[in-house]
Amino acid sequence: MIRAVRYVVALVGFSLWHASKTVLAGLLGVPHRPEDIYDRSGRAWARGILRWCRIAVTVEGRERLVPRAPCVYIANHASFVDILAILQEIPGTLRFVYKRGMSWIPILGWGMRFCRHIPIDRKRVSAAFAAYDEAAEYIRQGTCAVVFAEGTRSRDGRLMPFKKGPFVLAIAAQAPVVPVACLGTFELLPKGSCSAKPGTVTLRIGEPIATAGMTYQEREGLAARTREAIVELGVKQ
């Protein structure tokens, strides 16, 4: 019960505080630059919730993280903690691909929009591809995209089939795909739980997979190669 209260208080409190700052910055027209208020607020939000819930993060393969080098991070998604760990530990300007419906969450959803996270409407294919085109332009300008290629959180912690959209994005941007394994997050906060256990999680960073010269027809092969890399990093399937 105490853990649940700590988690809910941290989630609501830090979300309201940091999202409000990004909304205000957006309304005032504060421009987007590397390590600006939009970047700093996201990291502070993640760091605050993790510390409050007593969750530590270790990173293996940190030398493969190159700040300001555009890429598409593809990660497994077993827990909400995945988002927090990635935001806290991966350098540079990060923007997540998320379900469009979340944009209407008061304050938090508005903050996500002003931060230029990438909403996707999977029910409308044309709209989804338009969003990926916009995201590809962000990447070419120096932003890194983070995509959970399964499309949603796993209910048992095991890796689910990948959607093809994230790989269309990487190919459109001609940016490398970097596999990321989020390990131990499911055990601390599985889908449907409101109680975060204290503990340590690991982000394991894989070797970048080049997409230069790839075409749309190669998206399935890229997806299969990336999924295999994440499994090799330790995610169960």
Side-chain angles (χ1 to χ4, degrees), residues 1-26 35-60 62 65 73 75-99 101-115 117 119 146-148 150-160 180-205 234-236:
M1 179 64 180
I2 294 177
R3 285 201 299 259
V5 171
R6 288 181 67 91
Y7 171 65
V8 172
V9 168
L11 179 62
V12 174
F14 285 110
S15 294
L16 288 175
W17 173 245
H18 292 293
S20 294
K21 290 194 292 184
T22 60
V23 169
L24 180 59
E35 298 303 322
D36 57 16
I37 186 172
Y38 306 103
D39 290 348
R40 295 195 306 272
S41 291
R43 290 192 212 291
W45 171 75
R47 185 166 56 247
I49 297 173
L50 289 170
R51 285 181 177 177
W52 190 263
C53 295
R54 294 174 291 179
I55 296 173
V57 184
T58 62
V59 181
E60 298 177 7
R62 192 183 291 275
L65 299 174
Y73 292 104
N76 63 302
H77 200 15
S79 169
F80 179 68
V81 176
D82 304 331
I83 299 171
L84 304 175
I86 288 171
L87 260 179
Q88 176 178 284
E89 298 295 336
I90 293 183
T93 297
L94 301 180
R95 295 297 179 260
F96 285 78
V97 172
Y98 69 97
K99 296 176 183 177
M102 295 178 64
S103 297
W104 305 110
I105 299 174
I107 309 298
L108 180 60
W110 306 339
M112 292 167 67
R113 289 291 290 171
F114 279 117
C115 284
H117 291 290
V146 181
V147 192
F148 297 112
E150 297 157 281
T152 189
R153 284 172 291 171
S154 170
R155 289 196 172 275
D156 59 5
R158 294 182 178 275
L159 195 63
M160 299 185 295
V180 178
C182 303
L183 306 173
T185 57
F186 178 79
E187 289 74 13
L188 300 189
L189 185 64
K191 185 175 183 177
S193 175
C194 291
S195 178
K197 298 178 182 177
T200 300
V201 300
T202 299
L203 293 183
R204 195 168 287 163
I205 314 299
V235 177
K236 296 180 181 178

Only one of L87, V201, I55 passes side-chain contact (heavy atoms from CB on, under 4.5 Å) with L50, and that residue is I55

Taking F148 as the fixed residue, which of N76, V180, I86 is the one that meets the side-chain contact (heavy atoms from CB on, under 4.5 Å) rule?
-> I86

Heavy-atom check, side chain of R54 versus side chain of R6, under 4.5 Å = yes

Heavy-atom closest pair, residues P119 and R113 | CG-NH1, 2.7 Å

What is the distance from atom CD1 of I37 to atom CG of L24, rounded to the nearest 0.5 Å?
-> 7.5 Å

Correct closest heavy-atom pair for G157 and A78 would be CA-CB, 4.1 Å

Taking all non-hydrogen atoms of both residues, which atom of C115 and which atom of T22 are closest, and how far apart?
-> SG-CG2, 3.7 Å

Salt bridge check: are E35 and R43 linked by an N-O gap of less than 4.0 Å?
-> yes

To the nearest 0.5 angstrom, please state how far the CD atom of E187 sits from the OG1 atom of T200.
-> 12.5 Å

Below 4.5 Å, heavy atoms only, C-beta onward: do E150 and L159 meet side chain to side chain?
-> yes

Please identify each residue that fulfils side-chain hydrogen bond (donor to acceptor under 3.5 Å, both in side chains) with S154, with sequence neighbours left out.
-> D156

Min side-chain heavy-atom separation I205-V59 under 4.5 Å = yes

Sub-4.5 Å side-chain heavy-atom contact between F96 and V147 | no

Do T58 and L203 pass the side-chain contact (heavy atoms from CB on, under 4.5 Å) test, and can you show the C-alpha distance, the side-chain angles, and the key distance before you say yes or no?
-> CA-CA 6 Å; T58 62; L203 293 183; over 6 Å; no

Identify the heavy atoms of V23 and G111 that sit nearest to each other, and give their distance.
-> CG2-N, 3.6 Å

Is R62 atom CZ crowded by more than 12 heavy atoms from other residues, nucleotides or ligands, each under 6.0 Å away?
-> yes

Give the minimum heavy-atom separation between I49 and A10, together with the two atoms involved.
-> CG1-O, 3.8 Å

With a 4.5 Å limit on heavy-atom distance, are the side chains of V146 and I83 in contact?
-> no

Let me have the donor-acceptor pairs involving side chains of residues 11-21, under 3.5 Å, with sequence neighbours excluded, atom names and distances please.
from	atom 1	to	atom 2	distance (Å)
S15	OG	L11	O	2.5
S15	OG	W45	NE1	2.9
S20	OG	L16	O	2.5

With sequence neighbours excluded, what pairs up with Y38 under the ring-ring contact (aromatic ring centres under 6.0 Å, His included) test?
-> H32

Listed partners of R95 passing salt bridge (Lys or Arg N to Asp or Glu O under 4.0 Å), at least two apart | D39

Heavy atoms of L94 and I90 approach each other most closely as CD1-O, 3.5 Å

So how far is it from R158 CZ to K236 NZ, rounded to the nearest 0.5 Å?
-> 6.0 Å

Which residues share a side-chain hydrogen bond (donor to acceptor under 3.5 Å, both in side chains) with R3, sequence neighbours left out | none

Can you tell if the side chain of F80 reaches within under 4.5 Å of the side chain of Y7, non-hydrogen atoms only?
-> yes

List the atom pairs, with distances to 0.1 Å, where a side-chain N or O of residues 188-195 and a protein N or O form a donor-acceptor pair under 3.5 Å, not counting sequence neighbours.
from	atom 1	to	atom 2	distance (Å)
K191	NZ	T152	OG1	3.3
S193	OG	S195	N	3.1
S193	OG	S195	O	3.3

